[in-house]
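A, B, ... follow the sequence lines: proteins, then strands. Residue 1 opens every chain. Quick caveat: nothing in here was measured; it's all calculated off a predicted structure.
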There are 2 protein chains.
Amino acid sequence: MDGESEHIDGRKARGNKRRAEIIDATLAIVTRDGAAGVTHRTVAKQAGITTSLSTYYFATLDDLLVAALSSVADTYTTRIRQIIDGPGDKLRGLAELIAESAGPGRERALAERELSTLAARRPALAPVARRWRENVAELAATLTDDPEAIAALVAASDGLCTAILIDNAPADTDYVRRILTRAIHAHRDAVVS
Amino acid sequence: MDGESEHIDGRKARGNKRRAEIIDATLAIVTRDGAAGVTHRTVAKQAGITTSLSTYYFATLDDLLVAALSSVADTYTTRIRQIIDGPGDKLRGLAELIAESAGPGRERALAERELSTLAARRPALAPVARRWRENVAELAATLTDDPEAIAALVAASDGLCTAILIDNAPADTDYVRRILTRAIHAHRDAVVS
DNA sequence: GTACAACTAGGACTATCGTTCAAATACATG
DNA sequence: CATGTATTTGAACGATAGTCCTAGTTGTAC
C-alpha cells in the first residue's frame, strides 16, 4: 500500500534473476493447476528453492500474482507490437496469435485468462489485465477510425479466445481472420438492420 | 463417478429447499469473494447452517461448484429462451441481457465468468459452462444460416461481456446492439477485404 | 581481512481447509 | 406411541496454507 512496498521489488542485480525464475515457476503452476494452485510452497518447489525464499522476493501472494500476470501481459504486448510495426497483414497476424491459443500457446493463454479473471477482484491486477485489450484496440486503430469497429474487433478477439479455450472451438487461422474481418469491416447498410 | 453419486443428490422434498439455500449462499460467496472464497465453511456460515450440513448435501466442494454454476447457467438459459421464443427484436433482447452485466446483473455475470474459467480445469464443470454459448448460438441461428455469422455473434457477445466486466466498458443497450449487429450482418464485399 | 548488505535455508506459529463421524433431533408412517 | 428414515449438530483429524523468525551464507566495498 505505501512506499515500503518497493523495498522488496528493487533488490539488487542478482536478485532479479531469482525473481524471474520464481515468476516462471508461478506461470508453470498456473498452467498446470490453475491460479488456485499458486502458493508460496508450490511455487518454491517448482522453482527448486525454499518457501521462505519465495516470500523474500514476493512478500505476499498478491505481489507474486501481479508479477506473474504482468509477465504474461508483457509477452502479448511484445507480440502485438511486432504485428503492428511489422509489414504484413495485421489482421492475419492477430488471427495467428489467437489461433495459437489452441496449440502450443494454450497453456499460456489459459494462464492469462485465469489471471485476468482474478483481476476483477484484485484492483492491483486490473490495470495489467487491461493491457491485452488496449493492445488489440491499438492494432485495430491502424485499420479503421470507427470506434465501434475497434470495440467490435476487441470483443471478437476476446470472444474467439474464449471459444478456443473453453469450447475447444476450431482455431484455423483463416477462419479466425474471417470472423475478425467481419467485426471490423461492416457495411453501413448491413449495420442498419 | 459411479451410480453412488446420486444417493446425495436425490434426497427428499424438504432437502431440496436446503439445497437451493446452500446454492444461493454459494453464489453470494462467489459474488462477494470470488470462486476462491468458496469453502464448505464460508458457505455454511453464509447460509446460517453448520459446516457438516453443507457437506451432507454436497459431499465434495466440486459438487457444490457444479451445482452453483448450473444454477447460474439455468438462469441465463431461461432468459435467452424467453428472448428466442418472444416476439420482439431478438438482437435487442440479447443486447439488453449483456448490458445488464454493467448494472444489477454485474455480480451474477462475474460469478458466471469466474465459474466458467474454473471449468477449464475441472471437467465436471465444462459441459455446464458451454451452455451459455450454445444458447447464444441458438438465438443467432434464428437470424442467419451462416455458421460464421453465428460464431461471430457468439464471440462478440462473450467479448462484450468481458469488456463490461473487466474493462468497465460502456454498456448502453443500443451500443451493444450495434456491435452485435455488426458481427452477424456483414456484407460479403466487406468480408473479402 | 573486515564489515555490511544481500541472499538463502530451515523451521515454526497460527489459521483454515476438506472431510469424517457419532450422536442428537425432526418427521413420517405404522 | 413406536419405529425407521431424513436431517442436523458439534467436534475432531490430518493436511496444507500464509507468514514470520533466526541463523547461516555469499558477495562486495573498503
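Applying the salt bridge (Lys or Arg N to Asp or Glu O under 4.0 Å) criterion to A:Glu21, with sequence neighbours excluded, gives A:Arg18. For A:Arg32, the side chain to side chain donor-acceptor pair (under 3.5 Å) partners are A:Gln46, not counting sequence neighbours. The salt bridge (Lys or Arg N to Asp or Glu O under 4.0 Å) search around B:Glu114 returns A:Arg121, not counting sequence neighbours. Not counting sequence neighbours, A:Ser71 has no partner by the side chain to side chain donor-acceptor pair (under 3.5 Å) test. When the side chain to side chain donor-acceptor pair (under 3.5 Å) test is applied to B:Ser116, no partner is found at least two apart in sequence or on another chain. Partners of A:Thr173 according to the side chain to side chain donor-acceptor pair (under 3.5 Å) rule, which considers only residues two or more places apart in sequence or in another chain, do not exist here.
Going from atom OH of A:Tyr56 over to atom P of D:dT26 covers 15 Å, rounded to whole Å. We find that OH of A:Tyr57 is positioned 18 Å from P of D:dT19, with the value rounded to whole Å. Atom CG of A:Leu53 is separated from atom C1' of C:dG10 by 12 Å (rounded to the nearest Å).
Salt-bridge formation is detected for the pair B:Glu96/B:Arg92: a Lys NZ or Arg NE/NH1/NH2 atom is positioned less than 4.0 Å from an Asp or Glu carboxylate oxygen.
Within the structure, the salt bridge (charged side-chain N to carboxylate O under 4.0 Å, His left out) test picks out no pair touching residues 34-48 of chain A (sequence neighbours left out).
For residues 41-48 of chain B, proximity to DNA chain C is found at B:Arg41, B:Thr42, defined as any non-hydrogen atom under 4.0 angstrom from a strand atom. Less than 4.0 Å separates DNA chain D from no heavy atom of any residue of residues 22-35 of chain B.
Residue A:Ser52 is in base contact, counting any heavy-atom pair closer than 4.0 Å across all strands shown.
For A:Thr55, the side-chain atoms get nearest to D:dT19 when compared with the rest of D:dT19, D:dA17, C:dC7.
Mapping B:Val38 and A:Thr51 onto DNA chain C by nearest heavy atom places A:Thr51 closer to the 5' end of the strand.
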